[in-house]
Amino acid sequence: MNKTLLTALLSLAFVPAAYAEGETETDYTKGVFIVNEDWFGHQNSTVNYLLPDEDDNNCWQYRVIQTVNPGKELGCTNQYGAIWNGRFYFIAKQEKDGGASVTGGRITVADAKTMKLIYQNTMIDPSGAQCDGRAFVGVDEHKGYISSSNGIWVFDLDRNEVTRRVEGTENPESGSLYTGQTGTMVRAGGYVFAAHQQHGLLVIDPTEDRVVNTIPMSIVAEDAGIGSVVVAKDGSVWASVAQSTAGDGSTLPYIVRVDPNTLETEVVAITDGSYSPANSWYAWTPDGLCASYQNNALYWNGGENSWFSNSMIFKFDVDTRTTTKIIDLSEEGEGWLLYGCSMRVHPQTDEIYMSLFQSFSDPTYITRRYDANGNKVRDYAMESHFWFPSLPVFPLSPDNVPGTSVSVSAPDADNNIAIRVENGCVYADGCDDLNVFTLDGRQMPSQNLAPGIYIVRAGNVTKKIKI
């Protein structure tokens with residue numbers, strides 16, 4: 001069978017599902033999504049939707065992909081979801097669970113507002129070779145990257161097509177699923193930074209789709225590996241550290257800061273009885289390491305045993321380099337544990353959302369909401385089911401908007417506001433309400449900005465600028 005025909009058979013373009021007469025579409029931009037691995041061996045992965053300010057009887061909508069798209073499902077062990085430029089990108093390890101009756105996809109694309117499916121593909125590597133999905137990052141309006149068990153792949157967002165592999169990201173042990181993987185990816189300083197299990201932190205030039213530098217974790221210890229990577233509010237890049245590249249979950253008590261413009265590094269020790277971020281190459285997940293969009297702080301789960309670091313949550317102050325334990329579920333006496341990596345920070349409220357469970361044999365789950373200092377705000381009881389949650393995703397994050405190389409904007413005729421840039425500083429003539437965001441959604445000061453592309457909001461005007 002030729003390659004063109006094979007691709008056509010495995011790649012499905014969807015017509016949005018029709019709603020019954022009188023049925024109202026849900027606007028899925030008001031709440032929080034929880035992407036679930038779901039019950040491996042029994043069914044494909046799922047997505048639940050939480051309206052956090054509704055009453056208990058109306059706060060959950062379960063299995064929204066199946067609800068909106070009858071007869072369609074995600075793939076098997078879908079660990080990652082990201083909203084980018086109005087579309088929701090789901091990446092699964094395989095296309096179908098052994099216990100499922102429906103074939104989904106390793107790649108699934110949906111409209112982020114309606115959740116109607118646009119595209120699915122059962123494979124990532126266009127050759128048809130086995131290549132299990134890991135994560136997604138949007139690069140610009142036309143391109144995204146998909147990490148996998150064998151390299152990072154360029155995904156054409158206009159044609160919904162994998163075009164090639166990013167040069168230098170390959171798995172050195174071709175065919176292996178749990179060594180040489182690529183995982184979490186972030187955008188910063190004009191690069192894409194990606195965690196590679198064997199090599200460390202890859203620095204990718206997204207204009208050429210190739211690795212231009214590598215920051216090995218041997219700067220920490222000779223045999224050290226990387227866990228995952230995140231970007232702080234101030235734009236700095238942070239990587240967690242694994243004890244080795246073997247993927248056994250062991251950690252070292254350090255994190256590494258990278259300047260995204262100069263690539264200079266700083267090794268920061270985690271001391272005072274705190275634990276460093278847990279990692280999970282052994283059965284890959286995005287990890288619990290995450291960042292605030294409102295404050296210069298990182299969060300993670302950690303413990304003596306990285307495989308079961310599901311009780312203690314730490315907050316790291318990027319400015320003071322201090323770590324504080326803000327949550328210890330074991331001290332609450334309710335039996336709740338964090339499931340896997342299912343913890344992220346809301347970009348607007350700065351609240352922490354996490355999925356909690358009692359034990360692997362108990363289908364009792366809740367979603368819990370904390371403030372930025374670890375004080376419980378509210379619990380959301382869930383339908384009894386083995387959800388095995390993976391990742392909270394927030395629709396209204398500023399990082400959902402890609403940037404372009406746009407210079408200083410002209411005055412807005414309706415609002416009489418002119419956004420201008422001078423010597424790395426942003427001004428809004430005719431408006432006192434000025435906010436500057438990076439493409440990753442972190443709010444920045446309007447003065448002394450590093451070179452890059454930013455989103456500027458002044459009153460009712462939103463512009464993309466280049467410094």
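We use all heavy atoms of the structure for the numbers below, so side chains are in, but hydrogens, waters and symmetry mates are not. One is the number of the first residue; the rest follow in order along the sequence. As the structure is a prediction and not an experimental result, all values here were calculated from the model.
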Aromatic plane relationship, F394 with Y353 - under 30° parallel, 30 to 60° tilted, over 60° perpendicular: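 Perpendicular: the ring planes of Y353 and F394 meet at over 60°.
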By side chain to side chain donor-acceptor pair (under 3.5 Å) - contacts of N296 (at least two apart):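 For N296, the residues satisfying side chain to side chain donor-acceptor pair (under 3.5 Å) (neighbours in sequence not counted) are D234, D319.
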Between OG on residue S276 and CZ on residue F314, distance to nearest 0.5 Å: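 Between atom OG of S276 and atom CZ of F314 there are 9.0 Å.
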Interatomic spacing from CD in Q120 to CD1 in I65 - rounded to 0.5 Å: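 Between Q120 CD and I65 CD1, I get 8.0 Å after rounding to 0.5 Å.
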Cationic N near anionic O, under 4.0 Å, D209 to K143: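 A salt bridge is present here (some side-chain N lies under 4.0 Å from a carboxylate O).
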Note: E422-R420 ion pair, threshold 4.0 Å (strictly below):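 Looking at R420 together with E422, the answer is yes, because their closest N to O distance falls below 4.0 Å.
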Taking every non-hydrogen atom, the tightest pair across D111 and I118: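 Heavy atoms of D111 and I118 come nearest at N-CD1, 3.6 Å.
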Residue pair D371 / V377: nearest heavy atoms and the distance that separates them: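 Heavy-atom minimum between the residues: N-CG2, 3.6 Å.
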Within 45° cone of Y145 ring axis and under 6.0 Å: R164 NZ or CZ: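 No, a cation-pi geometry is absent between R164 and Y145.
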Donor + acceptor pair across side chains of R106, Q94 (<3.5 Å):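 Per modelled atom types, R106 and Q94 side chains form no pair under 3.5 Å.
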Any donor-acceptor N/O pair, E95 side chain to G105 backbone, under 3.5 Å: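 No.
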F136: partners by ring pair (Phe, Tyr, Trp, His ring centres under 6.0 Å), with sequence neighbours left out: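 Here the qualifying residues are Y89.
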Test item: N301 and M312 side chains (from C-beta on) under 4.5 Å apart, heavy atoms: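 Heavy-atom side-chain distance check fails, nothing below 4.5 Å.
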Of all pairs that satisfy salt bridge (charged side-chain N to carboxylate O under 4.0 Å, His left out), the ones with a partner from residues 342-354, not counting sequence neighbours: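 For residues 342-354: E351-R369.
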Worked check of side-chain contact (heavy atoms from CB on, under 4.5 Å) between R87 and L157: CA-CA 10 Å; R87 292 186 174 182; L157 305 184; 5.9 Å; no
Candidate list V230, I327, I326, test side-chain contact (heavy atoms from CB on, under 4.5 Å), partner Y299, passing option: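 The single option meeting the side-chain contact (heavy atoms from CB on, under 4.5 Å) with Y299 is I326.
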